[in-house]
Amino acid sequence: MGAISLRASGYSLCACTIALVVTSLIPSLSYGAGFRTRNFVVTAPTAMAAKTVGERAEAYRKTIAIAWLGQELPAWSKPCPITVKLTGGEAGGVTTFDFDSKRNAVADQVITVEGSLERVLASALPHEITHTVFAAFFGGPMPRWADEGASLLSEDLRELKRQDQIVAGLLSRKGDMPLAELFKQEEYPPDLLGFYGQGYSVARFLIEIGGRPRFLQFVRDGQSATWDDAARKHYGLANSRELDRAWRAWYMVAIRQSNGGDPPLLARAQSPEAETE
Ligand SMILES: [Zn+2]
C-alpha cells in the first residue's frame, strides 16, 4: 500500500495503492451499473456490487463519523462519486479532495476503489470513507502520517496484521523517522510502505492512550501550532521527543503481546462494524 500526493490550490489526493493510481485514473467505459444513496453515487460493473457498496458506504460514513467525531456528518450537498473496479486481487483505493480554502471546507471529493468485492468492503471502502470524515473535520489537507495512519485503522484485521509486519520490518532495519520528522512530512517520502506503517503504528498508540477525538484534536493543534505544544496539551508529554520515546516503549510491549498470539485489541475496537454490535 503506497501513496502519492498531488497538492495544488487546495487539491489533495490520497492514493492508497499505487497500482490503482496507474490503472483507475484511466477512464473506463465498461462500468454501467449505478446506485444512488443520500451521500454517494456508485458506479460498478454490476448492479449488485453498486448497491452493496453504496449501502455499505452510507453505513461506514455513519459509524466512522460517530467513532471519530462523536456524531454523524451532516448530509453532503452533493453526492460523493464512488467508482468500483472489481478484480480478483487485493483492495486499493484513491480519494481525491478539492478544498475550498476560504470556507475551510471540502469543495469536491471522489473515491475510487478496486479489488474483490469482499476486500473492497472490508478494507478499501472503510479506509477511503475515513478520509472523507477527516476531510470534513479538518476542512483542508490533514497531515499525511495521521490521515493515512488513522484511516488504516478502519480496515480489517487482515490488513492491520500486514501493517504490523511492515512496522516490525521498518523498525528492525531502522528505517523509521523520529516522530518530530514524521509529523512534519507534507509529502509522501520515497519509502511509502514504511511511512504508512509508521503512521499507522503511531496513530494506533495515540488512540490507545487517549481515544480518537483527542487524536484528532492533537493533530489539528500540532498542524496549526507546534507538535511539542500539542503533545503537552493532549498527552501530558513534554514534547515530540517524549512522545517518540513513549511510542517506542509502547511498541515493544505491543509486539510482545502480539507474539503471544493475541489479536491486537485496538484492531477489534476499531472495526466500524464491531462498534455497532
Ligand atoms: Zn489512504
Side-chain angles (χ1 to χ4, degrees), residues 1-7 11-25 40 53 56-57 60-61 63-65 67-68 80-85 89-99 106 108-115 119-156 158-164 166-167 170 182-183 185-204 206-207 212 215-216 219 223 267 270-272:
M1 180 165 289
I4 285 178
S5 165
L6 293 176
R7 237 186 248 182
Y11 181 79
S12 177
L13 169 65
C14 148
C16 306
T17 298
I18 287 180
L20 185 63
V21 178
V22 175
T23 59
S24 70
L25 295 183
F40 299 95
V53 168
R56 289 295 282 276
Y60 281 134
R61 183 180 182 275
T63 55
I64 290 170
W68 287 94
C80 172
I82 302 178
T83 299
V84 183
K85 182 181 178 188
E90 277 301 316
V94 181
T95 303
T96 59
F97 294 101
D98 191 2
F99 291 106
V106 174
D108 208 4
Q109 52 191 353
V110 178
I111 294 174
T112 304
V113 286
E114 78 167 41
R119 296 305 303 150
V120 164
L121 295 174
S123 180
L125 189 62
H127 180 117
E128 301 309 323
I129 298 292
T130 307
H131 282 311
T132 69
V133 170
F134 292 161
F137 176 79
F138 280 85
M142 181 178 178
R144 295 294 191 193
W145 72 272
D147 196 11
E148 295 300 348
S151 292
L152 277 165
L153 291 168
S154 293
E155 299 194 36
D156 66 345
R158 175 171 156 181
E159 178 59 27
L160 299 188
K161 282 183 173 170
R162 200 172 75 87
Q163 291 300 321
D164 286 336
I166 289 169
V167 179
L170 182 75
L182 181 83
F183 293 162
Q185 294 289 317
E186 289 192 2
E187 301 302 339
Y188 294 110
D191 180 7
L192 295 169
L193 282 181
F195 181 67
Y196 269 57
Q198 192 175 0
Y200 151 81
S201 182
V202 174
R204 190 178 141 188
L206 292 174
I207 290 158
R212 280 163 284 200
F215 172 81
L216 290 186
V219 173
Q223 185 179 39
Q270 287 294 327
S271 161

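When a ligand or atom number is given, it counts from 1 through the structure's own listing order. All figures in this text were calculated on a predicted structure; none of them were measured in a lab.
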Looking at H127, which of its N, O or S atoms is the nearest one to the Zn ion (ligand 1)? NE2
With respect to the Zn ion (ligand 1), please indicate if E148 possesses an N, O or S atom at a distance under 2.8 Å. yes
Does any N or O in the side chain of S201 come within less than 3.5 Å of the main-chain N or O of G197, such that one atom is a donor and the other an acceptor? no
Assess whether side-chain contact (heavy atoms from CB on, under 4.5 Å) is satisfied between W68 and T130, documenting all intermediate values. CA-CA 9 Å; W68 287 94; T130 307; 4.2 Å; yes
Atom of F134, atom of A146 and distance for their closest heavy-atom approach: CE1-O, 4.4 Å
Restricting to N/O/S, name the atom of H131 that gets closest to the Zn ion (ligand 1). NE2
Would you call the rings of H127 and H131 parallel, tilted or perpendicular if under 30° counts as parallel and over 60° as perpendicular? perpendicular
